[in-house]
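Structure, as structure tokens:
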Amino acid sequence: MAEKLTKQSNDYSRWYQEVVQRGDLADYAPVKGCMVIKPYGYALWENMQRELDRMFKETGHVNAYFPMLIPESFLAKEAEHVEGFSPELAVVTHAGGKKLEENYVIRPTSETIIWDTYKKWIQSHRDLPILVNQWANVVRWEMRTRLFLRTTEFLWQEGHTAHATADEAQEETLRMLEVYRCFSEDYMAVPVLTGVKTDREKFAGAVRTYCIEALMGDKKALQAGTSHNLGQNFAKAFDVTYLSSEDKREHVWATSWGVSTRLVGALVMAHGDDAGLVLPPRLAPHQMVMVPIYRSDEEREATMGACKKLEAELKAAGVRVKIDDRDHLRPGFKFAEWELKGVPLRVEVGPRDVASEQVVLAQRHSREKAPHPMGSLAADAPRILEEIQRSIFEKAKAFRAENSHRVDTWDDFLGTLNEKGGFLYAHWDGTTETEATIQEKTKATIRCIPLDDDVEDGACILTGKPSARRVVFARAY
RNA sequence: CGGGGCGUAGCGCAGCUCGGUUAGCGCGCCUGCUUCGGGAGCAGGAGGUCGGAGGUUCGAAUCCUCUCGCCCCGACCA
């Protein structure tokens, strides 16, 4: 703990790993690509879950749980789906000491088992819509893993809905995209672009994939969430039909949408600095930590007494506060540790403060430190926390604005990508071939076709062919 | 799967080229004293059989063979 973190500017990737591990978010597990999510990291995830779950329920969804093991044959029913996921499946071949008649795959996502189930649930238009979400773990055997960003097993939520009409499914897809956008911006304080994925980047089995894309501190993009319009692909693959009010048999229309523990990684890389994590107050496990400072037993009693009184007031005011009463550690050590862990507010209470009825209030994001009257701390803290929440969101937005560029020529594209990074708004001829060529040449991918971008005629940066709008390119995680 | 690196104490490493007493160092841990408003100091102490298997040898962390695993970079992905 005595050692300094690697600076972001020296080695961003190493900085990230150190922050995640030393900040007590997660650690490596014995199996390749797997991680142990430690209590502090899990508390952060739980806070995310709580808000997301509330938002899902507010939009009419209910939770359910489907099994982790899926018969291998289910995956094969939807052609694109099986092609997309086969390479990364973990397969159970033996159980109970015997070789299985049919292999089971550990779910990489649950569309197939859910649509097999929905077939039984859906008979009539009166059974629709079905608006179900599940919180679960999934396994994808990725080549290259990184803590939180891409782990072999990860936690997520996956919503799976069934609708009577294409319009309803499309509405649902966009509704959940909007839920994700709100969550990311209002709770994580991470500004995101909303857009449509190109065919090359869309979910295996979807008609259309929408996404939220965030910009990380190293100017690389991160896909933070996806919402898929599945059309009738899974309904047809699993033969899920309903009788309409006109007594006609129709295939149902579907969506699925998900966000994962990757969001924890997004939070780390969107706000973190050379001192460690910077957590947004709305999600921070501890919004405030109090560090009592003392020498003698009398001073200890006095400062701890003041801390406890403040703690009661703050809790009553709805602040998630913790007193760091560890006796064997000195204050300076605690300051550094809580900064590493990104706690938004730190309160220092020493003998001098007790005497003058004040505390020292330190803000993590700005690293500012100033005295604050004890008497008004509890009343002021919620407002200060909200100001911090807004402030780090504004900072992230400004960072994204500085790192978003409009480029019109191939040279400009290459130069900007290599020298500046960030989001590049450029014209593209709309073909998968061009997209692939650009990726081969530059490692940049089309992150999305933004929803809110103005339509504008132009010429493709690579081929010069006509383009009706700009798309967003970036190097991505 | 291709390229690179690494497995020696809880963590980070040295030792290995050129085999040789009880395998070192830093951090952390335990005890005590002094400290405590920005990552404490001193003293004492516990802890490893060197990833695994086999081989060479009087003798292997060190040499040889095989093997397992992890990390980093790339292609694949939430």
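In what follows, chains carry the letters A, B, and so on, assigned in the order in which the sequence lines appear, proteins first and then strands, with residues in each chain numbered from 1.
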Subject >> Candidate nucleotides B:C76, B:A78, B:G37, ranked by approach to the side chain of A:Arg200 - the nearest >> reply: B:C76
**OP:** Hey, which sits more toward the 5' end of RNA chain B by its nearest nucleotide, A:Cys34 or A:Arg352?
**Re:** A:Arg352
Original post:
Just to confirm, is there a sub-4.0 Å distance from OP1 or OP2 of B:C36 to any side-chain nitrogen or oxygen of A:Arg295?
Top reply: yes
Original post:
Has the side chain of A:Glu339 got a donor or acceptor that lies under 3.5 Å from a partner of the other kind on the base of B:G38?
Top reply: yes
**OP:** Can you measure from CG (A:Leu263) to CD1 (A:Ile212) and round to the nearest 0.5 angstrom?
**Re:** 6.5 Å
Original post:
Considering only the C1' atoms, how many Å lie between B:G48 and B:C76, rounded to the nearest integer?
Top reply: 40 Å
**OP:** For A:Thr151, report the nucleic acid contact type (base, sugar-phosphate, nothing); a contact means any heavy atom under 4.0 Å.
**Re:** base
Original post:
Atom OH of A:Tyr28 to atom C1' of B:C70: distance rounded to whole Å?
Top reply: 10 Å
**OP:** Measure from CZ on A:Phe333 to C1' on B:C29 and round the result to the nearest Å.
**Re:** 13 Å
**OP:** Figure out the NZ/C1' separation between A:Lys441 and B:G74, and round it to whole Å.
**Re:** 19 Å
**OP:** Could you tell me whether A:Leu149 contacts a base, only the sugar-phosphate backbone, or nothing, with contacts defined as non-hydrogen atoms closer than 4.0 Å?
**Re:** base
**OP:** Scan every strand shown for a Watson-Crick or G-U wobble partner of B:C77, both distances under 3.5 Å, and answer none if you come up empty.
**Re:** none
Original post:
Picking from B:A40, B:G39, B:A78, which would you name as closest to the side chain of A:Arg330?
Top reply: B:A40
Original post:
If you check the A:Glu142 side chain, which of B:G38, B:A40, B:C76 turns out closest?
Top reply: B:C76
Original post:
Rounded to whole angstrom units, what separation is found between the CG atom of A:Leu340 and the P atom of B:G39?
Top reply: 16 Å
Original post:
Nearest-Å distance, CE (A:Met35) to C1' (B:C71)?
Top reply: 17 Å
Subject >> A:Leu5 CG to B:G38 C1', straight-line distance once rounded to whole Å >> reply: 15 Å
Original post:
Would A:Lys395 count as a cation-pi partner of A:Phe399, with NZ or CZ less than 6.0 Å from the six-membered ring centre and within 45° of the ring normal?
Top reply: no
Original post:
Rounding to the closest angstrom, what is the interatomic distance between B:G28 and B:C6 at atom C1'?
Top reply: 22 Å
Original post:
What distance do A:Leu267 atom CG and A:Met188 atom CE have between them, rounded to the nearest 0.5 Å?
Top reply: 5.0 Å
Subject >> Nearest-Å distance once atom C1' is located in both B:C16 and B:C50 >> reply: 11 Å
Subject >> Nearest-nucleotide pick for A:Glu88, side chain only, options being B:C77, B:A78, B:G37 >> reply: B:C77
Original post:
Which part of the nucleic acid, if any, lies within reach of A:Gly258 when heavy atoms closer than 4.0 Å are counted: base, sugar-phosphate only, or nothing?
Top reply: nothing
Subject >> hbond_proxy A:Lys369 side chain to B:G38 base (donor-acceptor, 3.5 Å cutoff) >> reply: yes
Subject >> Euclidean distance, atom CD of residue A:Glu298 to atom P of B:C36 [Å, nearest integer] >> reply: 15 Å
Original post:
What integer number of Å spans the P atoms of B:A43 and B:A60?
Top reply: 38 Å
**OP:** Find out whether the Lys NZ or Arg CZ of A:Arg346 is both under 6.0 angstrom from the six-membered ring centre of A:Phe335 and within 45° of the ring's axis.
**Re:** yes
Subject >> Touch class at under 4.0 angstrom, heavy-atom based, for A:Gln439 against every strand present >> reply: sugar-phosphate
**OP:** Take atom CD of A:Glu213 and atom P of B:A78, then tell me their distance rounded to the nearest Å.
**Re:** 10 Å
**OP:** Please check if the distance between the ring centroids of A:Trp45 and A:Phe148 is under 6.0 Å.
**Re:** no
**OP:** Taking atom C1' in both B:G4 and B:A75, compute the distance separating them and give it to the nearest angstrom.
**Re:** 16 Å
Original post:
Roughly how far apart, to the nearest Å, are B:G3 and B:U22 at atom C1'?
Top reply: 43 Å
Subject >> Complementary nucleotide for B:A43 - Watson-Crick or wobble, under 3.5 Å >> reply: B:U31
**OP:** Could you check whether A:Val259 gets within reach of a base, just the sugar-phosphate, or nothing at all, counting any heavy atom under 4.0 Å?
**Re:** nothing
Subject >> Listed nucleotide nearest any side-chain atom of A:Gln17, set B:A78, B:C72, B:G37 >> reply: B:C72
Original post:
What is the base-pairing partner of B:G48, counting Watson-Crick and G-U wobble geometry with both distances under 3.5 Å?
Top reply: none
**OP:** Could you check which nucleotide pairs with B:G37 in any of the strands shown, counting Watson-Crick or G-U wobble with both distances under 3.5 Å?
**Re:** none
Original post:
Which nucleotide sits closest to the side chain of A:Arg262: B:C77, B:G39, B:C73?
Top reply: B:C77
Subject >> C1' gap between B:G74 and B:U67, integer Å >> reply: 26 Å
Original post:
Using atom P of each nucleotide, how far apart are B:U62 and B:G19 to the nearest Å?
Top reply: 12 Å
Original post:
If you find the nucleotide of RNA chain B closest to A:Tyr294 and the one closest to A:Phe203, which residue's nucleotide is nearer the 5' end?
Top reply: A:Tyr294
Original post:
Do the side-chain N and O atoms of A:Thr255 and A:Thr161 include a donor-acceptor pair separated by under 3.5 angstrom?
Top reply: yes
**OP:** Report yes if a side-chain nitrogen or oxygen of A:Ser13 is closer than 4.0 Å to either non-bridging phosphate oxygen (OP1 or OP2) of B:C73; otherwise report no.
**Re:** yes
Original post:
So which of A:Leu345, A:Val321, A:Asp325 actually passes side chain to side chain contact (heavy atoms under 4.5 Å, CB included) with A:Met290?
Top reply: A:Val321
Original post:
So, do A:Phe154 and B:A78 meet the stacking rule of ring centres under 5.5 Å and planes under 30°?
Top reply: yes
Original post:
Which base, if any, makes a Watson-Crick or G-U wobble pair with B:C63, both distances under 3.5 Å?
Top reply: B:G55
**OP:** Using the six-membered ring wherever Trp is involved, compare the ring planes of A:Tyr12 and A:Trp15 and label them parallel, tilted or perpendicular (cut-offs 30° and 60°).
**Re:** tilted
**OP:** Classify the nucleic acid contact of A:Arg346 as base, sugar-phosphate or nothing, counting any heavy atom under 4.0 Å across all strands shown.
**Re:** base
Subject >> G-U wobble or Watson-Crick pairing nucleotide for B:A9 (cut-off 3.5 Å, both distances) >> reply: none
Subject >> Ring centre gap for A:Phe413 and A:Phe473 strictly below 6.0 Å >> reply: yes
**OP:** Describe the nucleic acid contact of A:Glu348 in one word from base, sugar-phosphate, nothing, applying a heavy-atom distance below 4.0 Å.
**Re:** base
